[in-house]
S.K.: 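The structure follows.
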Amino acid sequence: MEVAAHEKLEKIQELKNLGVKPYNGRFEKTHTVSAIRTGEASLVASGERVRTAGRLMAIRRHGRALFADLQDHTGRIQIYVKRDVLGDDRFAVFRAIDVGDLVGVEGEVFRTHAGELTVLVRDFVFLGKCLHPLPEKWHGLKDVEVRYRKRYLDLIMNPEVREIFLLRSRLIREIRAFLDARGFIEVETPMMQVVPGGALARPFKTFHNALGMELYLRIAPELFLKRLVVGGFEKVYEINRNFRNEGISVRHNPEFTMLELYEAYGNYETMMRLCEELIASVVFKLFGTYTVTYQGMTIDFTPPWKRIVLPEVLYEKTGVDVLEDPLDVIREKVRALGMAFDENWDRGKFVNELLERFVQPELVHPTFVLDYPVEISPLAKAKEDDPRLAERFELFIGREEIGNAYSELNDPFEQRKRFEEQARKKAKGDLEAHSIDEDYIEALEYGMPPTGGLGIGIDRLVMLLTNVSSIREVILFPLLRPVGD
RNA sequence: GGGCCGUUAGCUCAGUAGGUAGAGCACCGGACUUUUAAUCCGGGUGUCGCAGGUUCGAUUCCUGCACGGCUCACCA
């Protein structure tokens with residue numbers, strides 16, 4: 001135990017000497033703090049007693065009385081503790097309570113001369129000792145590393161952090177409500193997979209002892225959700241974690257949360273309409289407006305959203321015709337644009353890089369970018385009128401990629417060809433190439449309806465809606481290196 | 001993984017052109033029954049991230065390491 005806690009241990013002894021158990025007790029609340037505020041008029045008029053509980057965030061002692069600020073998950077309220085109300089013995093007990101301790105109080109609600117809504121404490125129960133001093137009341141806890149490592153302290157001290165995670169919770173609840181209302185069913189598919197698929201990414205590897213086999217943490221639930229579509233679940237979704245063994249940055253955490261949904265008999269058109277309706281309606285539910293400010297940008301979510309065709313917009317912005325230009329011509333033009341590139345980049349890689357460099361910075365308002373090259377979309381159906389392109393779109397908002405969707409490839413023969421192409425890439429050392437999943441092909445062989453699929457990065461959506469620039473601010477416990485001794 | 005920056009009291013931060021360090025809040029003791037960054041009086045509680053090096057002497061200069069932030073690379 002640290003030195004800092006030493007005096008607190010003496011406080012525990014003092015409490016015990018006064019007959020108070022430092023960790024026992026229970027308490028039934030009649031009101032949360034916000035309920036007291038909401039019900040102020042009738043509570044003050046009636047003199048009704050309320051019972052509420054929380055953590056003491058500040059204590060102002062005045063000899064034979066004291067004021068304290070009690071915080072629960074809904075807010076803070078002042079309490080007033082007087083010796084002539086409690087009696088000498090009980091008041092002495094309260095005097096032994098520290099900032100950070102947990103208490104339950106009972107009393108009536110009034111306003112002080114200064115106009116502060118206050119609970120006059122008639123009785124109280126000690127509910128838990130805090131052995132460490134809380135961070136400073138005025139500046140709070142600022143140290144980013146400590147905030148992430150001790151998120152509980154961050155949540156105690158920083159109400160705006162609490163708000164971020166409350167909003168995250170409400171957002172996910174609204175998404176579920178939206179999808180449930182449209183007949184989607186929520187499912188859970190394997191996190192541990194024998195063949196990691198559904199995305200182009202490097203997986204985490206683990207090992208099952210009893211079965212004696214390697215397993216992978218999933219990089220996406222896609223192939224399992226589509227097996228369910230084959231099985232007759234025509235509208236399914238899953239909101240859960242994906243794991244990708246890649247670099248960490250302000251927009252990447254090794255585990256992150258995705259919404260994936262599939263709708264049988266739809267396609268990427270269907271998904272565009274569903275996507276804008278889903279996000280726009282959830283934004284409106286949360287904020288009562290379609291306008292959100294993100295990092296200085298004003299983002300308008302009012303549907304319908306802008307659609308741009310990727311090969312066309314790339315040609316407009318860069319003069320590169322990613323479909324017709326031979327690879328060496330593309331290289332020549334990209335060189336002329338002054339952009340660095342690698343000699344082994346293929347067409348798909350150039351598309352991604354040009355998009356990121358020349359188009360993405362302008363995509364502030366929600367924008368669907370349509371028609372990606374087939375070679376970087378191995379699970380998507382090709383366009384009828386141009387087999388080089390997939391019926392696929394990505395959604396950009398606030399210059400960030402938020403979603404990805406396509407008409408699902410349901411032709412098992414074509415899927416096998418695509419997998420084999422990926423296998424060739426993998427053989428050439430592409431660590432992110434898709435694995436061949438024979439079991440999935442067999443599922444397709446039973447017949448999958450034409451289907452639209454959509455993925456939305458929940459963490460990034462929360463970032464947009466809470467105006468934070470780091471993904472760690474929207475993940476309660478982001479991955480950090482352990483601190484050494 | 002590369003580059004840049006950071007790490008000093010429980011917290012937020014100063015500081016030492018090399019002589020083992022300060023402020024506010026918190027905390028401890030005292031006064032105070034409507035305060036609210038309460039106030040008033042008294043008290044500094046520290047491995048200056050870790051390990052080496054240079055030096056009579058290192059928190060300060062040098063090197064390495066750890067952790068974090070930003071950024072590039074990779075990706076969603």
Side-chain angles (χ1 to χ4, degrees), chain A residues 2-8 10-11 57-70 76-86 91 98-100 110-118 120 130-150 153-154 156-158 198-202 219-220 241-260 340 342 349 352-353 356 376 394-396 400-404 430-432 455-461 463 469-473 478-485:
Chain A
E2 284 176 41
V3 182
H6 182 252
E7 286 163 347
K8 302 284 186 175
E10 291 176 354
K11 282 297 193 69
M57 298 304 291
I59 298 176
R60 295 174 289 281
R61 299 179 198 278
H62 290 263
R64 290 171 206 87
L66 62 86
F67 293 91
D69 296 332
L70 182 144
R76 277 190 196 189
I77 194 162
Q78 175 168 273
I79 64 174
Y80 186 31
V81 182
K82 295 170 74 173
R83 190 172 74 169
D84 61 9
V85 171
L86 283 180
F91 187 72
D98 293 318
V99 169
F110 73 106
R111 283 219 175 241
T112 64
H113 294 329
E116 183 77 30
L117 192 65
T118 303
L120 176 63
C130 176
L131 289 179
H132 298 276
L134 291 182
E136 203 233 337
K137 63 185 171 191
W138 195 238
H139 298 93
L141 180 64
K142 290 268 192 290
D143 186 308
V144 175
E145 186 175 353
V146 177
R147 287 185 44 234
Y148 297 157
R149 288 193 195 281
K150 303 185 180 179
L153 269 186
D154 194 22
I156 290 170
M157 298 307 301
N158 297 319
L200 304 179
R202 299 173 65 176
I219 54 176
R241 233 67 63 78
N242 289 347
F243 307 86
R244 297 189 186 174
N245 207 338
E246 288 153 2
I248 296 176
S249 78
V250 283
R251 54 184 78 79
H252 300 86
N253 193 63
E255 53 179 309
F256 62 101
T257 301
M258 280 279 283
L259 160 68
E260 278 202 19
D342 210 291
K349 178 69 177 169
N352 267 338
E353 294 296 326
E356 187 174 321
I376 53 173
E394 288 192 341
L395 169 65
F396 290 84
E400 295 290 344
E401 186 189 337
I402 297 297
N404 181 26
D430 185 348
L431 295 165
E432 283 153 15
I456 293 175
I458 297 296
D459 311 279
R460 290 191 179 171
L461 189 54
M463 287 169 66
S469 56
S470 169
I471 197 169
R472 296 179 204 100
E473 295 293 344
L479 185 65
L480 300 179
R481 287 191 148 96
V483 56
D485 292 318

S.K.: Pick base, sugar-phosphate or nothing for A/R481, based on heavy-atom distances below 4.0 Å to the nucleic acid.
M.R.: sugar-phosphate

S.K.: If the condition is side chain to side chain contact (heavy atoms under 4.5 Å, CB included), which residues does A/M463 pass it with, not counting sequence neighbours?
M.R.: A/Y294, A/R460, A/V468, A/I471, A/V474

S.K.: Below 4.5 Å, heavy atoms only, C-beta onward: do A/D459 and A/N253 meet side chain to side chain?
M.R.: no

S.K.: For nucleotides 21-26 of chain B, read 5' to 3', which letter fits each nucleotide if B means a protein heavy atom sits under 4.0 Å from the base, S means only the sugar-phosphate is that close, and - means neither?
M.R.: ---BBS

S.K.: Which part of the nucleic acid, if any, lies within reach of A/I402 when heavy atoms closer than 4.0 Å are counted: base, sugar-phosphate only, or nothing?
M.R.: nothing

S.K.: Spell out, as yes or no, whether a donor-acceptor pair under 3.5 Å connects the side chain of A/R244 to the backbone of A/I219.
M.R.: yes

S.K.: Base, sugar-phosphate alone, or nothing: which one does A/A201 contact when heavy atoms must sit under 4.0 Å apart?
M.R.: nothing

S.K.: Need one value for A/G455: base, sugar-phosphate or nothing, where a base atom within 4.0 Å counts as base even if backbone is also close, heavy atoms only.
M.R.: nothing

S.K.: Partner of B/A9 by Watson-Crick or G-U wobble geometry, both contacts under 3.5 Å, or none?
M.R.: none

S.K.: Scan every strand shown for a Watson-Crick or G-U wobble partner of B/U20, both distances under 3.5 Å, and answer none if you come up empty.
M.R.: none

S.K.: Starting from P on B/A31, measure out to CG on A/L66 and report it in whole angstrom.
M.R.: 15 Å

S.K.: Shorter than 3.5 Å, N or O on both sides, protein versus nucleotides 71-74 of chain B: list them out with atom names.
M.R.:
{"unit_1": "B/C74", "atom_1": "O2'", "unit_2": "A/E432", "atom_2": "OE2", "d": "3.2"}

S.K.: Please state how far atom CG in A/L131 lies from atom P in B/C27, giving the value in whole angstrom units.
M.R.: 15 Å

S.K.: Donor-acceptor pair under 3.5 Å: do we get one between A/D84's side chain and the base of B/U33?
M.R.: yes

S.K.: What is the base-pairing partner of B/G64, counting Watson-Crick and G-U wobble geometry with both distances under 3.5 Å?
M.R.: B/C50

S.K.: Can you list everything that forms a ring-ring contact (aromatic ring centres under 6.0 Å, His included) with A/H62? Sequence neighbours excluded, please.
M.R.: A/F67

S.K.: If only side-chain N and O atoms of A/K11 are considered, is one of them under 4.0 Å from the OP1 or OP2 phosphate oxygen of B/C27?
M.R.: no

S.K.: For A/Y80, report the nucleic acid contact type (base, sugar-phosphate, nothing); a contact means any heavy atom under 4.0 Å.
M.R.: base

S.K.: Report the residue (A/F256 or A/A65) whose heavy-atom-nearest nucleotide on RNA chain B is the more 5′ of the two.
M.R.: A/A65

S.K.: What residues, two or more places apart in sequence or in another chain, satisfy salt bridge (charged side-chain N to carboxylate O under 4.0 Å, His left out) together with A/K142?
M.R.: none

S.K.: Just by distance, do the side chain of A/N158 and the backbone of A/L141 share a donor-acceptor pair under 3.5 Å?
M.R.: yes

S.K.: Determine the interatomic distance between C1' on B/G22 and the same-named atom on B/C56; round to the nearest Å.
M.R.: 27 Å

S.K.: Look at the side chain of A/E116 against the base of B/U35 and say whether a donor-acceptor pair falls under 3.5 Å; ignore hydrogens and angles.
M.R.: no

S.K.: When you get a sec, tell me which of B/U34, B/G68, B/C70 is the closest nucleotide to the side chain of A/F67?
M.R.: B/U34

S.K.: Under the rule for side chain to side chain contact (heavy atoms under 4.5 Å, CB included), what residues qualify as partners of A/R111, not counting sequence neighbours?
M.R.: A/E40, A/L117

S.K.: To the nearest Å, how far apart are A/R149 CZ and B/U7 P?
M.R.: 17 Å

S.K.: In whole Å, I'd like the distance from the CG atom of A/D69 to the C1' atom of B/U34.
M.R.: 14 Å

S.K.: Can you tell me, in whole Å, how much space there is between the C1' of B/G53 and that of B/A58?
M.R.: 11 Å

S.K.: List in chain and number order the residues that pass salt bridge (charged side-chain N to carboxylate O under 4.0 Å, His left out) with A/R64, two or more places apart in sequence or in another chain; answer none if no residue qualifies.
M.R.: none

S.K.: With rounding to the closest Å, how many angstrom separate the C1' atoms on B/A31 and B/G57?
M.R.: 47 Å

S.K.: Got a list of protein N/O to nucleotides 39-43 of chain B N/O distances below 3.5 Å?
M.R.:
none

S.K.: Expressed in whole Å, how much space separates the P atoms belonging to B/A21 and B/C62?
M.R.: 22 Å

S.K.: According to side chain to side chain contact (heavy atoms under 4.5 Å, CB included), who are the partners of A/R149, at least two apart in sequence or on a separate chain?
M.R.: A/E145, A/L480, A/V483

S.K.: If you look at every strand shown and take non-hydrogen atoms under 4.0 Å, does A/E401 touch a base, only sugar-phosphate, or nothing?
M.R.: sugar-phosphate

S.K.: Looking across every strand, which nucleic acid part, if any, lies under 4.0 Å from A/D342 by heavy atom: base, sugar-phosphate, or nothing?
M.R.: nothing

S.K.: Heavy atoms only, 4.0 Å cut-off, all strands: where does A/R472 land among base, sugar-phosphate and nothing?
M.R.: sugar-phosphate

S.K.: I'd like to know if A/R64 reaches the base of B/U33 with its side chain, counting only an N/O donor and acceptor under 3.5 Å.
M.R.: no

S.K.: Among all residues two or more places apart in sequence or in another chain, which pass the salt bridge (charged side-chain N to carboxylate O under 4.0 Å, His left out) test with A/R251?
M.R.: A/E400

S.K.: Using purine N1 to pyrimidine N3 plus N6-O4 or O6-N4 for Watson-Crick, or N1-O2 and O6-N3 for G-U wobble, each under 3.5 Å, what pairs with B/A26?
M.R.: B/U45

S.K.: Checking all strands, does A/F396 fall into the base, sugar-phosphate, or nothing category for heavy-atom contacts under 4.0 angstrom?
M.R.: nothing

S.K.: Listed by chain and number, what are the side-chain hydrogen bond (donor to acceptor under 3.5 Å, both in side chains) partners of A/S249, not counting sequence neighbours?
M.R.: A/H252

S.K.: Choosing from B/U36, B/U33, B/G69, which nucleotide comes nearest the side chain of A/K82?
M.R.: B/U33

S.K.: Rounded to whole angstrom units, what separation is found between the NE2 atom of A/H113 and the P atom of B/U36?
M.R.: 13 Å

S.K.: For a 4.5 angstrom cut-off between non-hydrogen side-chain atoms, does A/L153 reach A/P135?
M.R.: yes

S.K.: Calculate, to the nearest 0.5 Å, the distance between atoms CE and CG belonging to A/M258 and A/L461 respectively.
M.R.: 12.0 Å

S.K.: Side chain to side chain contact (heavy atoms under 4.5 Å, CB included) with A/D342: which residues, sequence neighbours excluded?
M.R.: A/N344, A/W345

S.K.: Write down the distance between CD (A/E145) and P (B/G6), rounded to a whole number of angstrom.
M.R.: 16 Å

S.K.: Round to the nearest Å and state the distance from A/R147 atom CZ to B/G69 atom P.
M.R.: 11 Å

